[in-house]
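This report refers to the structure that appears directly beneath it.
Every value quoted in this text rests on a predicted model; they were computed, and no experiment measured them.
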Amino acid sequence: MIKRAGFKILISTLPFVFFFVISAIQSSCAKAEFVNIEYRQENNNMPVILSENEIFFPGEYRKNIKFDLKARKKQIKTEIIPARIYDIKTKKIKNLNSYMKVPRNGYGAIKYDDENILVLGGHCIDYANNRINCDNIVVENYNINQNNFTRLNNMPLPYRPFYNTLFKINNEIFIISNNGIMNYNAKSNSIIKLLDFDLSFRLASYNACQIDSNNILIWGEQIIKPLSYKQKNVILKYNILNNEITELYSDLLSSHETNVQIPGIPLKNGKILFIKKAQKGSISYEFDAITKKFLNYKNIDLDAIGVSGIYLENNKILLTYGCLNKGLEPFIRGIYLNQAILDLDTKKITNKKTTRNDMWHRYILPFGINKYFIGNYSKDTKSKLFYYN
């Protein structure tokens, strides 16, 4: 009787054991799929996710070089590109025949309601040498239903984003520039300045993330002395309710020595993952905004600097950029990380691919659960969609 009872218990528990084994196998074998977008996107312009099926590109200008055989010289013209929509299902681009009032590159963009998109900052260069100057302060509103751009009053601070530093919180838009923090006021349809930073952040050397409904973390290199490499590396917390900045961490170390590595990867629960190059491979570690401490130092097999990415489910990180070897430009191209998956538990790298095309920076925008658009800075490397399940 004891043997039979034991046999019955064993049989009855088999389905549960089988379920847990299958679940473990499925979670460890998550699939990562990359799909290239057949669209040439350049110049650090931020697109906007309209839905799970559509990505909006506000427009840009491009350098168009042709050789004049009669004059025996190059003709340089500025090509203005209109707003477009990329359809994810059909993989086709729809030309909207609508143009920004001030064509520019290097801007930020964010959808703030069902009908409107703000296009902020960016720089203007006319390759045909006509005088254009927008000083990174131009703001335009794009109305989705009317398919037109309207220029608003200029921003009080210049804004030229290199990472996603626009946030919609409590139905308000917050803009983190390298000089201070601004806010879009829907009533006046204008941008107002909330505060100035004590020290300006070095352009392209700061980043930010929202950690809860009232706080934004900002980190990077602040300039101590203009026209010098003297810097202060900081992690700040901006409280929206009190409109106050609190310094959580600072040091005066070099870019290679400091723990505040750019761009950093936001995690959950107010933490940032940093990856710093070591003598062999790299070291990953986390900053906890609550305890104000760095923790979980671990070695990873990735010999790279400037590593960027985004947190996935199952404690994985999608890595989208890192410089592995600078090369000797323009004679020898460097080697750059195109994509990889980092497991935070095992610190193992999978799905790793490299490229000789310098991407420098990539926007990562979610368009569904574990679905991301990976934008591109370089004309040599395509933007792509990433699926993880």
Side-chain angles (χ1 to χ4, degrees), residues 46-52 55-56 58 107-122 137 139-144 152-153 155-197 201 206-220 234-249 263-273 287-290 292 308 310-311 363-369 371-373 375:
M46 183 185 286
V48 174
I49 304 298
L50 296 182
S51 67
E52 285 199 31
I55 303 171
F56 174 75
Y107 53 74
I110 186 168
K111 182 182 176 185
Y112 64 91
D113 62 28
D114 291 338
E115 295 184 11
N116 295 285
I117 294 169
L118 283 178
V119 183
L120 307 108
I137 57 174
V139 187
E140 295 188 47
N141 185 86
Y142 175 76
N143 185 284
I144 298 170
L152 310 181
N153 292 331
M155 288 184 290
L157 296 173
Y159 179 65
R160 187 182 174 191
F162 287 85
Y163 304 99
N164 190 4
T165 46
L166 295 172
F167 303 96
K168 182 180 178 182
I169 304 174
N170 302 327
N171 293 319
E172 291 187 272
I173 302 298
F174 292 88
I175 305 139
I176 314 299
S177 82
N178 63 314
N179 294 309
I181 300 175
M182 297 176 284
N183 171 257
Y184 171 67
N185 188 308
K187 290 182 179 179
S188 63
N189 201 23
S190 62
I191 307 293
I192 59 173
K193 181 170 68 173
L194 297 176
L195 58 79
D196 292 302
F197 293 130
F201 282 97
Y206 75 100
N207 202 354
C209 73
Q210 179 185 348
I211 56 174
D212 57 42
S213 60
N214 293 316
N215 293 284
I216 297 172
L217 282 185
I218 308 161
W219 63 92
V234 298
I235 301 177
L236 310 174
K237 183 173 73 172
Y238 172 66
N239 183 272
I240 294 168
L241 294 177
N242 301 325
N243 192 31
E244 288 180 350
I245 286 283
T246 304
E247 185 177 281
L248 303 183
Y249 172 84
I265 302 169
L267 302 177
K268 292 184 176 180
N269 303 320
K271 293 180 181 179
I272 314 166
L273 177 74
F287 178 80
D288 190 324
I290 297 173
K292 305 177 188 178
S308 63
I310 194 166
Y311 181 80
Y363 287 118
I364 310 170
L365 305 173
F367 65 93
I369 299 174
K371 300 176 182 178
Y372 298 92
F373 165 82

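- The backbone N or O of Leu194 sits less than 3.5 Å from a side-chain atom of Asn243, completing a donor-acceptor pair.
- Once rounded to the nearest 0.5 Å, the distance linking CE of Met155 with NZ of Lys193 reads 13.0 Å.
- Between Leu217 and Gly270, the shortest heavy-atom distance links the atoms CD1-O, 4.2 Å.
- For the 3.5 Å distance criterion, the side chains of Asn178 and Tyr159 fail to qualify, holding no donor opposite an acceptor.
- Rounding to the nearest 0.5 Å places CD1 of Ile216 at 11.5 Å from CG of Leu236.
- You'll find the side chain of Ile181 reaches within 4.5 Å of the side chain of Ile245, heavy atoms only.
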side-chain contact (heavy atoms from CB on, under 4.5 Å) assessment of Leu157 paired with Asp196: CA-CA 9 Å; Leu157 296 173; Asp196 292 302; 3.8 Å; yes
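- For the atom pair CG of Leu152 and CG of Asn185, the computed distance is 11.5 Å after rounding to the nearest 0.5 Å.
- Residue-environment remark: CD1 (Ile369) stays at or below the threshold of 12 foreign heavy atoms within 6.0 Å.
- Considering every non-hydrogen atom in both Asn179 and Pro158, the closest pair reads ND2-CG, 3.4 Å.
- Going from atom CG of Leu273 over to atom OG of Ser308 covers 11.5 Å, rounded to the nearest 0.5 Å.
- Distance check: Asp212 CG to Asn269 CG gives 10.5 Å after rounding to the nearest 0.5 Å.
- Considering CG of Asn153 and CD1 of Ile191, their distance stands at 9.5 Å, rounded to 0.5 Å.
- The closest donor-acceptor contact from the side chain of Asn214 to the backbone of Leu241 lies at 3.5 Å or more, if one exists at all.
- Without hydrogens or angle criteria, Asp288 side chain to Ile290 main chain gives a donor-acceptor distance under 3.5 Å.
- Ala289 and Ile211 make their closest contact through CB-CD1, 4.5 Å (heavy atoms, listed as atom of the first residue, atom of the second, distance).
- Side-chain contact between Thr165 and Ile218: absent, with no pair of heavy atoms (C-beta onward) separated by less than 4.5 Å.
- For the pair Met182/Leu120, no side-chain contact is recorded, criterion being any heavy-atom separation below 4.5 Å from C-beta on.
- With hydrogens and angles ignored, the 3.5 Å screen pairs no side-chain donor or acceptor of Tyr363 with any backbone N or O of Gly375.
- Ring geometry for Tyr184 versus Tyr112: interplanar angle of 30 to 60°, hence tilted.
- Nearest heavy-atom pair, Val119 versus Pro58, reported as atom, atom and distance to 0.1 Å: CG2-CB, 4.1 Å.
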Phe201 vs Val234, side-chain contact (heavy atoms from CB on, under 4.5 Å): CA-CA, chis, key distance, verdict: CA-CA 10 Å; Phe201 282 97; Val234 298; 3.7 Å; yes
Stepwise side-chain contact (heavy atoms from CB on, under 4.5 Å) test for Tyr142 and Phe56: CA-CA 11 Å; Tyr142 175 76; Phe56 174 75; 3.6 Å; yes
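- Residues satisfying the salt bridge (charged side-chain N to carboxylate O under 4.0 Å, His left out) test with Lys168, not counting sequence neighbours, are none.
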Worked verdict on Phe167 versus Ile176 for side-chain contact (heavy atoms from CB on, under 4.5 Å): CA-CA 8 Å; Phe167 303 96; Ile176 314 299; 3.8 Å; yes
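- The number of heavy atoms from other shown groups lying within 6.0 Å of CG (Asn242) is above 12.
- Leu166 and Ala109 get closest at one heavy-atom pair: CD1-N, 3.5 Å.
- The shortest non-hydrogen separation linking Pro161 to Tyr107 is CG-C, 3.7 Å.
- Checking side-chain atoms of Asn183 against main-chain N and O of Ile173 turns up a donor-acceptor pair under 3.5 Å.
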